[in-house]
Amino acid sequence: MHLANYLGYLHQSESDLAEAFRKVGEAHAQEVDVYHITHTLAKQCETHAEKLKPFADRYGEEKPEEPEQLYHELFDQTRSGSLGLLRDMQDLYLMASACDISWTMIGQAAQGLRDRELLEVVNSCENETANQMKWIRTRMKEAAPQTLIVAS
Amino acid sequence: MTDRIANPWGERTPFGQGEDWPVRVDQFLEDGVSEEEVDRWVQTASILHSNGDALDIAVKDGRIVGVRGRGEDRVNKGRLGPKDLFGWQANNSEDRLTRPLVRKDGELVEASWDEAMDLIVERSKELLEEKGPLAFGFYTTGQLFLEEYYTMGVFGKAGLGTPHMDGNTRLCTATAAVALEETFGTDGQPGSYADVDHADTICLYGHNVAETQTVLWMRMLDRLEGPNPPKLIVVDPRPTAPAQRADVHLKVKNGTNLALMNALLHELITNGWYDEEYVNANTIGFEDLEQTVMEYPPETAAEICGVDAEEIREAARLIGNAERLLSTALQGFYQSHQATASSCQINHIHLLRGMIGKPGCGILQMNGQPTAQNTRETGANGDLPGFRNWDNEEHVQQLADLWNVDRMTIPHWAPPTHAMQIWRYAEQGSINFLWVSCTNPAVSLPDLPRIRQILQNEGLFLVVQDIFLTETARYADVVLPAATWGEKTGTFTNTDRTVHISEKAVDPPGEAKPDLEILLDYARRMDFRDKDDQPLIKWDDPESTFEAWKECSRGRPCDYTGITYDRLRGGSGIQWPCNDEHPEGTERLYREADFNTQTWNCERYGIDLITGGMNSEMEHKAMNPAGRAIILPAGYLPPHEPPGGEYPFRYINGRTVYHFHTRTKTARAPQLQNAAPDAWVEISPTDAESLSIEEGDMVRVESPRGYMEAKARISGIREGVVFAPFHYGYFDTPEGDSPNGQSPRAANELTITDWDPVSKQPLFKVGAARVTKVADNDGTPAPAPTTTASAPASGGSVSETVGGDEAEVKETVGKQEEGEKGLIDRAKDALTGREE
């Protein structure tokens, strides 16, 4: 059964996303909305990771083999300036999508296993992940023209 | 005669539930002028708050000499507040701006209109060529007229093509708009002021109505003193006048509103105090709400909010058993943590109780400023005109057709830029042209040291259009002298959708021009064109602008097509929508639970209450509200800057009854200025004792951003909370534009740059601060009024605030013939007016 792999992967992804949200927030603290919302979302991600733990135990967490490199590479270093913000946010978006699709996969498995508890966790978390992506997208759309056309 | 400084609300005219509110006509004339000597009375409404009180200006020898309330108007039935009674004197001030000013060698010097406008146009064209429209920003107000906003909105969007236009309404009313949009699909107040007459329970959420809308409070007071008075519930950390009269006063810690609201909803649901049939038929999202609020039993909220769980239960019991429930909200909710999320819960309470659109069952998500509603309607703030949705191609096409421009000209890739972001772009240097009209950000925005920096940015060309040399104007490259209320004609709309006309009574001083003329002049000089190479702006005076706006509003929820200037003259104001279907206007919206949430109709597709992330059209369609109201719950989060450590106090700023905004006008009305001549800081007796602070001691309130100093008033404010009025800047100090090394007194020296994720309204009501004593008192108390929330906790040595002979106002109760006589007078006046 490969579910443990996915649980482990998502657990790691959510923890990494939490860290990335914080780093981006700190790096762009002068964008005060970004600063505050990233910190709120970081806590959300940590809660998600927390909620996954018992299931990782239940299904035997195994260290995933490759996918974590994906996001670790994205956030070696945050960038600065308004273009830097856009690019950092783009990385966040990709990391959040990785979580999003993983919630979907785990939700499918939970249904197949008839694991109501896990399904409940998936239901409560995947909406928040979707909203995280929605926010990143909204914020990027707003910033893009100013950044790409007139910012120095 | 009543001293309306000592008694801001005047004499009582009690009335019972369902009865007509008696007429009481308030009149104040300049010393030495009698009623008979007045040449003419000119119709208008109040411009110093959002209530929209109708009044007539008394003119003698071409000067304004006084005011009188309009007994026949639905809003105020003749009553006026202290600011309206005395504030007009500012019009006659010696130090009005009378000529344009331009900056030469670092100094502002007088110039001709041509010279000033040429400079602006030259810089505009240069910048358009060099960087394009995104380098332009407009920061406007909630105090211009509808016609002025609409004109600015059109040339901004379809002429220049910039999305960077917003009002200081962002600071006052943005949350009201978004909360209404989130729940009901579009902006627009469901209720009516007349709901006060019918309500059996009134809830004031963070709304110190006694000081912000004095006449609305008079209406409530008259109910409270009549037969079968309504129950009153007040949520406020300060001992406001309404709180003193309340059956339940929830003196919450500021920043915790959402926890309280969730607990109230918890009680309504667990006790079955809701209308299941209404909820099922007319809303979506109830299950989510139920799930969310179940985590907020009164004990949990009591812990977070710092109030007694029994008080929450009692408030919920009153709300749950009300048959006619009226709720109002203002800055205590709008400028606080989780502003939109908290304000939406007020809407939910009414949805749960099925109490919308019926007499006495109103929601008033209040505005702060007199014409804020029009900023929102006409698209001079972060929305498209006519409550259109920037993300709806069909809506944008309607505007493109109306204005005869290519749809691509109108920026609609994202919502119009909100004010705080406009200032951020100016700070970063990507906005290089900023036109500030009729507002004073150098005193009113958060974190003033930062704002002053931005205003001085080398690469920023700053245009300021105002009637006085404000703190902000002193930083300008070009200052344009404007005419004000009483000196120009236009219309505006109050909180409860009542449209009034405001006629020109006298000429503006010197070369000052009506704002509309200034804006039209800019559009002409910029030569903005439509698709057929015709001038983009096809109107040239207030009435033709109004007619153009009517077309823009046609078919939208704020439909003005049934209103004309002539219909607004004489009689009462008219509530929109007013069209063929509703020729007399509309007192209450959503009587049939006919909400505007259809995907084709709504103003937004929905915004996440925690992050501000926006739904797409597809997501909205999938949600399929289809005319049902949308219930959107949210969990409480701790505030961003919790008190503790070095900064143990919760700091809030706000208004007093005697002043408006940065006192540009009210400081120049002696009765108002004398009633509250300087800044103060309110602190609770317990906190004062622990810091060894006595009444009148000089204290410093400080945050990581900056500090202010003022005398301490020991008041009945909640422990752990300090309050300062935000009205006081520097224009009437020797320093002029900033503290310049002297002791700063502006409340916004220390406020945080932070805003609600949904409405983008800055958070003036939640931030951490420390308080220290700077000097012992000199034997005089703090200059804070004793008549209001700033009253001393114990009378002691503080003398009462009075106005004396200069503040005596004539109040005439309930004479119908007076009203009729007024009508005849006004008919005559209108004729005289036209002959001029």
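Just so it is clear: chains get the letters A, B, ... in the order the sequence lines come, proteins before strands, and each one is counted from 1. Just so we're clear, the structure is a prediction, and the values are computed from it rather than from any experiment.
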Side chain to side chain, A:Thr129 and A:Glu14, heavy atoms closer than 4.5 Å: yes
Options B:Pro757, B:Gly613, B:Gly132, ranked by heavy-atom pairs under 4.5 Å with chain A, top entry: B:Gly613
Distance-only side-chain donor-acceptor flag, B:Glu619 / B:Ser616, under 3.5 Å: yes
Intermediate values then yes/no, side-chain contact (heavy atoms from CB on, under 4.5 Å), B:Asn432 and B:Arg123: CA-CA 10 Å; B:Asn432 307 93; B:Arg123 184 67 190 124; 4.2 Å; yes
Within residues 446-453 of chain B, residues adjacent to chain A where the heavy-atom gap is under 4.5 Å: none
Region of A:Glu128 that comes under 4.5 Å of a non-hydrogen atom in chain B: neither
Region of B:Asp608 that comes under 4.5 Å of a non-hydrogen atom in chain A: side chain
Residue B:Trp755 versus chain A: region with a heavy atom under 4.5 Å: side chain
Salt bridge (charged side-chain N to carboxylate O under 4.0 Å, His left out) between A:Glu46 and A:Lys43, worked out: CA-CA 5 Å; A:Glu46 282 161 358; A:Lys43 280 183 214 141; over 6 Å; no
pair A:Phe21-A:Ile37: side-chain heavy atoms closer than 4.5 Å: no
With B:Tyr425 via ring pair (Phe, Tyr, Trp, His ring centres under 6.0 Å) - residues at least two apart: B:His164
Closest non-hydrogen atom pair between B:Gly161 and B:Pro411, with its separation: O-CG, 3.4 Å
Under-4.0 Å salt bridge between B:Asp166 and B:Lys760: no
Residues A:Glu26, A:Arg22; criterion salt bridge (charged side-chain N to carboxylate O under 4.0 Å, His left out); working and verdict: CA-CA 6 Å; A:Glu26 297 297 339; A:Arg22 284 222 169 80; over 6 Å; no
Top of B:Ile607, B:Thr753, B:Asp756 for chain A proximity - count of heavy-atom pairs under 4.5 angstrom: B:Thr753
Candidate pair A:Asp91 and A:Lys23, rule salt bridge (charged side-chain N to carboxylate O under 4.0 Å, His left out), full reasoning: CA-CA 12 Å; A:Asp91 288 350; A:Lys23 279 189 178 168; over 6 Å; no
Where B:Met614 and A:Lys134 come nearest, the two heavy atoms and their spacing: O-CG, 3.1 Å
Heavy-atom proximity to chain A below 4.5 Å, by part of B:Gln291: neither
Most contacts with chain B, counted as non-hydrogen pairs under 4.5 angstrom, among A:Gln30, A:Lys141, A:Gln132, A:Met133: A:Gln30
A:Ile136 versus chain B, the contacting section by heavy-atom distance below 4.5 Å: neither
Residue selection (most heavy-atom pairs with chain A, distance under 4.5 Å) from B:Asn615, B:Leu637, B:Thr417: B:Asn615
Chain A contact via B:Leu134 - which portion, at a heavy-atom distance below 4.5 Å: both
Choice from A:Arg137, A:Glu142, A:Glu31 maximising heavy atom contacts with chain B below 4.5 Å: A:Glu31
Heavy-atom contact with chain B under 4.5 Å, split by part of A:Arg139: side chain
Residue B:Glu130 versus chain A: region with a heavy atom under 4.5 Å: neither
Contacting region of B:Ile431 [heavy-atom separation from chain A under 4.5 Å]: both
Ring geometry between A:Tyr6 and A:Tyr9 (parallel below 30°, tilted from 30 to 60°, perpendicular above 60°): perpendicular
Side chains of B:Asn748 and B:Thr751, donor plus acceptor under 3.5 Å: yes
